[in-house]
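Residue numbers count from 1 along this sequence. Because the structure is a prediction, the values reported are computed rather than measured.
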Amino acid sequence: MTTFKDNVPASPSPSDTSQGKMTLAQIFESLVGGNLSIRVTAYDGSSAGPADAEYGLNLKNARGTTYLVTAPGDLGLARAYVSGDLELIGAHPGDPYEALRALAADLEFKRPSPLTLAHVARSLGIEHFKPIAPPPQEALPRWRRFAEGLRHSKTRDAEVIHHHYDVSNTFYEWVLGPSMTYTCAVYPDLEASLETAQENKYRLIFDKLRLKPGDRLLDIGCGWGGMVRYGASRGVKTLGVTLSAEQAEWAQKKIVDEGLSDLAEVRFSDYRDVTESDFDAVSSIGLTEHIGVHNYPAYFSFIRDKLRVGGMMLNHCITRPDNFKNARAGSFIDRYVFPDGELTGSGKIISKIQDIGGLEVLHEEDFRPHYAMTLRDWNRNLVEHWDEAVEEVTEGTARLWGLYMAGCRIGFERNIVQLHHVLATKLDEYGQSDLPLRPWWDA
């Protein structure tokens, strides 16, 4: 949502030339530059930007100032916003999309000159530069997580999944809707509902995997069991695994309620502990983001070894639009949303699948616009259930989710992130397969 520039002098008028104490609004301007199109107000009574601006920021108290000063950029803004110390003006906290768009166009944090920084420090007082405890929704920093467990070990992966997914099943029901599907939907048209689009996503994956009654499907990172239940309802013996205890409990109850117990199972388990093999298909829907890029060869080898010869795999995950940027998530996503999460380009995913041998990549496609639409609909759901959500998970957590989903929507719209399907098959020892000559599914 924000960017940084090095060695760019901040606006000199409020800070470099004045010998008096700077107001909070002047300090903000010195960090982001002048010519604001948003309105900034602060608890000291100061303001900056046009008085008639549709959107703005209101800094409510000294704790918010400390968050902004001690963690400049997205992380400090998130801390102040989640804690309620910073208000977004002009937007509902359950869907701050329009306000974030205006802010994203306006906020370009600059590293101030030494003279400006010294003046800021004198104006604020040294007490604001002493770090304070972050909001309770924030995960530990990377170095603390590393000290407490190897990255992507079974124990640490379980803790990371718990942080994000074991918020509250009730909360997720309100945000995700009846499908309880926390992955990108596939909209058949612009007017389709979220539920129609999620059903269509499962239909598309089912068809790409060439599943039919009597087949066996392994769904890795199955969430609340949407793909598991979809497959079982069509006669496929389906096993799903998740590291979220709350997801597994919810999914198993749903399986019983829908009369699918003979064909469907969701286990609270690490995928690496699955002992069964010779599956006709393996789906990985929204899990690769948590695996770690350096673990891709082992992950795709695991999937290959679980398939029968001729079996199919589909990998559905968020990607970057290129293959060379740092895979690690930014500070806000890493501390508040997906600790240890990593993203890379679809080209790297395809190359890792190809390099392990035995799998042939058949098809890939990008669903970037669909994820922006999915996030739009999740934000709408949160607005509709805002009061209940606040009571269920606290206002700070509800604000965090509204911010996170709206911000991610902007990321997909601006091609900062994408969503790709990669379809592959397991070849026989002679490199042969018996697949149709052309795609067999309806887009």
### Query
With side chains defined as the heavy atoms from C-beta onward, is the minimum distance between F300 and M313 less than 4.5 Å?
yes

### Task
Using only heavy-atom distances, determine whether the side chains of T344 and Y296 contain a donor-acceptor pair under 3.5 Å.
no

### Query
For the side-chain contact (heavy atoms from CB on, under 4.5 Å) test, which of T425, D280, L359 pairs with L307?
L359

### Message
Checking the side chain of K208 only, and the main-chain atoms of H363 only, is there a donor and an acceptor separated by less than 3.5 Å?
### Response
no

### Message
Nearest 0.5 angstrom please: E87 CD to L59 CG, how far?
### Response
10.0 Å

### Where Y55 and A102 come nearest, the two heavy atoms and their spacing
CD1-CB, 3.7 Å

### Task
Quick one: sort the F302 and Y271 rings into parallel, tilted or perpendicular, breaks at 30° and 60°.
perpendicular

### Task
For side chain to side chain donor-acceptor pair (under 3.5 Å), just list the numbers for Y202 and S179, CA-CA rounded to whole Å, side-chain angles, deciding distance to a tenth of an Å, and then say yes or no.
CA-CA 11 Å; Y202 288 132; S179 74; over 6 Å; no

### Message
Within a 6.0 Å radius of atom CG on D442, are there more than 12 heavy atoms belonging to other residues, nucleotides or ligands?
### Response
no

### Query
With no hydrogens and no angle check, do the side chains of Y299 and S284 hold a donor and an acceptor under 3.5 Å apart?
yes

### Message
Pair L427, V309 - check side chain to side chain contact (heavy atoms under 4.5 Å, CB included), show working.
### Response
CA-CA 6 Å; L427 302 172; V309 171; over 6 Å; no

### Message
I'd like to know if the side chain of R376 and the backbone of Y97 have a donor-acceptor N/O pair within less than 3.5 Å.
### Response
no

#### Entry: Value rounded to 0.5 Å, distance of CG in L382 from NE2 in H92
7.5 Å

### Stepwise side chain to side chain contact (heavy atoms under 4.5 Å, CB included) test for E265 and I255
CA-CA 8 Å; E265 178 188 359; I255 287 169; 5.7 Å; no

### Task
Nearest 0.5 Å please: distance from the CG atom of N379 over to the OG1 atom of T374.
11.5 Å

### Query
Just one of Y404, W401, Y182 clears the ring-ring contact (aromatic ring centres under 6.0 Å, His included) bar with W378, so which one?
Y182

### Task
Indicate the atoms forming the closest heavy-atom contact of A232 with L263, along with that distance.
O-CD1, 3.3 Å

### Message
Is the shortest side-chain heavy-atom distance between E173 and W250 below 4.5 Å?
### Response
yes

### Query
Do D377 and R380 meet the salt-bridge criterion of a basic N to acidic O distance under 4.0 Å?
yes

### Message
Taking the side chain as everything from C-beta on, heavy atoms only, tell me whether L211 gets closer than 4.5 Å to I205.
### Response
no

### Query
Is there a donor-acceptor pair under 3.5 Å between the side chain of E289 and the backbone N or O of L287?
yes

### Query
Does T170 offer a backbone N or O that forms a donor-acceptor pair with the side chain of S168 under 3.5 Å?
yes

### Query
Which heavy atom in P297 sits nearest to a heavy atom in S301, and how many Å separate them?
O-OG, 2.7 Å

### Message
With rounding to the nearest 0.5 angstrom, report the CD to CG distance, Q418 to L343.
### Response
11.0 Å

### Query
Would R216 count as a cation-pi partner of F279, with NZ or CZ less than 6.0 Å from the six-membered ring centre and within 45° of the ring normal?
yes

### Message
Please find the pair of heavy atoms, one from G56 and one from I38, that lie closest to each other, and give the distance.
### Response
CA-CB, 4.3 Å

#### Entry: Backbone of I291 reached by a side-chain donor or acceptor of N295 within 3.5 Å
yes

### Message
With a 3.5 Å distance limit and no angle check, can you tell me whether Q198 reaches the backbone of T183 through a side-chain donor-acceptor pair?
### Response
yes

### Query
Measuring from T70:OG1 to I132:CD1, what's the distance to the nearest 0.5 Å?
6.5 Å

#### Entry: Side chain proximity check, T196 to P188, heavy atoms < 4.5 angstrom
yes

### Query
If we only count heavy atoms from C-beta on, is the L57 to L88 side-chain gap below 4.5 Å?
yes

### Message
I'd like to know whether CD of E258 has more than 12 heavy-atom contacts from other residues, nucleotides or ligands below 6.0 angstrom.
### Response
yes

### Task
Enter the distance from R272:CZ to L243:CG here, rounded to the nearest 0.5 Å.
7.5 Å

### Query
Between the side chain of E342 and the main-chain N/O of V293, is any donor-acceptor distance below 3.5 Å?
yes

### Query
Would you call E276 and R267 a salt bridge, taking side-chain N to carboxylate O under 4.0 Å as the test?
yes

### Query
Okay, side chain of K237, backbone of D262: is any donor-acceptor separation there less than 3.5 Å?
yes

#### Entry: Shortest non-hydrogen contact from P135 toward S83
CG-CB, 4.1 Å

#### Entry: R203 and V186: CA distance, side-chain angles, deciding distance, side chain to side chain contact (heavy atoms under 4.5 Å, CB included) verdict
CA-CA 10 Å; R203 188 274 312 165; V186 177; over 6 Å; no

### Task
For the pair E249 and K253, find out whether any cationic side-chain nitrogen is under 4.0 Å from an anionic carboxylate oxygen.
no

### Query
On the ring face of Y81, is R399 found with NZ or CZ under 6.0 Å from the centre and within 45° of the axis?
yes

### Message
For a side chain to side chain contact (heavy atoms under 4.5 Å, CB included) check, start with the C-alpha distance between R39 and I89, then their side-chain angles and the critical distance, and finish with the verdict.
### Response
CA-CA 9 Å; R39 182 71 168 170; I89 305 301; over 6 Å; no

### Query
Can you check whether I220 reaches K306 side chain to side chain, under 4.5 Å on heavy atoms?
no

### Query
Donor-acceptor pair, E392 side chain versus F171 backbone, under 3.5 Å?
no

### Message
Are the side chains of M373 and L190 in contact, using a 4.5 Å heavy-atom criterion?
### Response
yes

### Task
Report yes or no: does K426 contribute a side-chain atom to a donor-acceptor pair with the main-chain N or O of R308 at less than 3.5 Å?
no

### Query
If every non-hydrogen atom of V175 is compared with every non-hydrogen atom of N381, which pair is closest and at what distance?
O-ND2, 2.8 Å

### Query
Do L260 and R229 touch side chain to side chain, with heavy atoms closer than 4.5 Å?
yes

### Task
Using the six-membered ring wherever Trp is involved, compare the ring planes of Y230 and F206 and label them parallel, tilted or perpendicular (cut-offs 30° and 60°).
perpendicular

### Message
A cation-pi test, strictly: NZ or CZ of R368 under 6.0 Å from the centre of the six-membered ring of Y371 and no more than 45 degrees from its axis. Yes or no?
### Response
no

